[in-house]
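Chain letters run A, B, ... following the sequence lines, proteins first, then strands; residues in each count from 1. Scope of the values below: all heavy atoms of this structure, side chains included, with no hydrogens, waters or symmetry mates. Note that this is a predicted model, so its numbers are computed, not measured.
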Amino acid sequence: MPAEIRVRFAPSPTGYLHVGGARTALFNYLFARRSGGTFILRIEDTDRGRFQESALEEIYQSLRWLGLDWDEGPQKGGEVGPYIQSERLDRYQKYADQLIQSEHAYRCFCTPQRLEEVRLKREKEKQSTGYDRLCRDLTPAQIEENLAQNKPYIVRLKIPAGRTVSFNDLIRGKIDYQSDILDDLVLLKTDGFPTYHLANVVDDHAMRISHVLRGDEWIASTPRHVLLYEAFGWTPPLFAHMPVILDPSGGKLSKRKGAASVMDYKRTGILPEALFNFIAFLGWSPGDEREKMGREEMIEAFSLENISPKASVFDEKKLEWMNGLYLHDHSAESLVRDVFPLLKAKGFISSEANEHDPIVVSAISLLKDRSRRLTEIVENASYFFIDPVSYEEKAVIKYFAKGTKAVFETLIDKLDGMIEFNQVSLDKLYHEYSTASGVAIGELIHPTRLAVSGVSFGPGLFELMQALGKETVFRRIKTAISWLEKNSATLQ
RNA sequence: GGUCCCAUCGUCUAGUGGUUAGGACACAGGAUUUUCAUUCCUGCAACAGGGGUUCAAUUCCCCUUGGGACUACCA
């Protein structure tokens, strides 16, 4: 184990941060925190064609939302910066030159057209594809001539022949590649920008990265990286490749099939600590039977050895279950900030209303324990703010009968006589009325709920009535009375 | 096509050379509850197949099958 643990998450700002990337970041974070190491964020924006400013913003936002704060990186600084590769271009150029000098790399003047032809020809001949190394043996004179003509060129690494290149993947064990099937990878592009491979190796070395924890799509590139380290005379870091996260049909997670980005989950009412917990358990487990684990507990328990090499499927049902657990832990007050804007967007709340309106807290507090997402709270919250405009059809059949009107009229009288309109006294009143009249308590409660909320399910009736207040309850029961009058013919 | 990776309930996973293969989600049933939800109980359900090695393999090895990644002047 290297003396100093330094890891990095190195996303490319070409799109939103998806959950796979988030989990890689998370494992880097946990590993760093567990070992007292340093977690670095580095932006790999060497593909200026696919760069998106908004993607960069979203990456920062997603990481922050999940609480994956980096120790060194953009917006934070650090002694081995800058941490954005486009701000480090001169270095890559310099190192490429160094490799040409030491004859570990060479200039390739082949045109994209020729490369394409080579590829097609090799494919047809069922050979392994790859560059045919035409420019590898150019004489100094030929190179001079091409340079003099200002021919565009790229820089390629000379892959040595007949070598077995191996590296030890921390979660898969030893992996071997024969160097003969590796092609001479591009280090520097025509535009002077480095490829991922060069920039990555140069920066990991410059930033003294001890462990590279990245997605397993990089496994096949790793032997080339090892050779690159060798060409520079550097010791490679330790590697660990994370398995992919799949959607339930076994394919890649995508926006089309549902949520894929971290922000999608935020938008659909998932709590950051729930996503954090859930994602960590995709490919990792503490080795015992714990499922719900907070950040600190997870840091305590984390180890690379417990990461499975197997791809896992993202099960949203389980995420929702877990989110429900975290929702339960939260106080209503702590959820107001996130829920209030959603209530406003639904039109339940007028624009001048403020977050501290007690009905908002009441609604959240009564709904959160029966919801799995913040959005579910909001979907069921309408009657806290707006009188029901209709009654749930099935519930009408079940709970509104010919005699209901009379019951409501009596109730109204009794309610009116109440000194304190709260949960306890309401409970008492209903039970006393039930006993006195011989009407089953359910025959009182269910119709009242329907009158007051418009639906047959929800929080306990008396807490709901207290939250709504006497005035609103009265108004709604009266509305129900006239509705019953009007529709008496259809009632059983 | 080539190279590499992977394989325990539908899903996330624990686990061991000898276990009734454990837990969780989901699903089904039941109990509690004024409804819904929660909670509790019960049930359903897995070692991909074939060869080895071994007294004994789900576990170790090989093959097959299936899935995936890479095979760009993208990362």
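Residues A:R372 and A:F314 each lie close to RNA chain B; by heavy-atom proximity, the contact nearer the 5' end of the strand is made by A:F314.
Between A:K310 and the phosphate of B:rU8, there is a side-chain N or O to OP1/OP2 separation shorter than 4.0 Å. Contact annotation: A:K189 side-chain N/O to B:rA75 OP1/OP2 distance is under 4.0 Å. Neither OP1 nor OP2 of B:rC12 sits under 4.0 Å from any side-chain N or O of A:S312.
Residues forming a ring-ring contact (aromatic ring centres under 6.0 Å, His included) with A:W218 (at least two apart in sequence, or on another chain): A:Y196. The side chain to side chain contact (heavy atoms under 4.5 Å, CB included) search around A:D169 returns A:F167, A:I171, A:R172, A:I175, A:H241, not counting sequence neighbours. For A:H328, the side chain to side chain contact (heavy atoms under 4.5 Å, CB included) criterion is met by A:D369, not counting sequence neighbours. Applying the salt bridge (charged side-chain N to carboxylate O under 4.0 Å, His left out) rule to A:R476 yields the partners A:D387; only residues at least two apart in sequence or on another chain are considered.
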Summarise protein proximity over nucleotides 27-33 of chain B in one line of letters, 5' to 3': B for base, S for sugar-phosphate only, - for none, counting protein heavy atoms closer than 4.0 Å.
-> -------
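Taking 3.5 Å as the limit, the base of B:rA26 and the side chain of A:K318 contain no donor-acceptor pair of atoms between them. Donor-acceptor pairing under 3.5 Å, judged by distance alone, is present between the side chain of A:E291 and the base of B:rG23.
The C1' atoms of B:rC47 and B:rC60 are separated by 15 Å, rounded to the nearest whole Å.
Among pairs with a residue in residues 190-201 of chain A, those fulfilling salt bridge (charged side-chain N to carboxylate O under 4.0 Å, His left out) read A:R48-A:D191, at least two apart in sequence or across chains.
Of the candidates A:D180, A:L182, A:L227, A:R163 forms a side-chain contact (heavy atoms from CB on, under 4.5 Å) with just one, namely A:L227.
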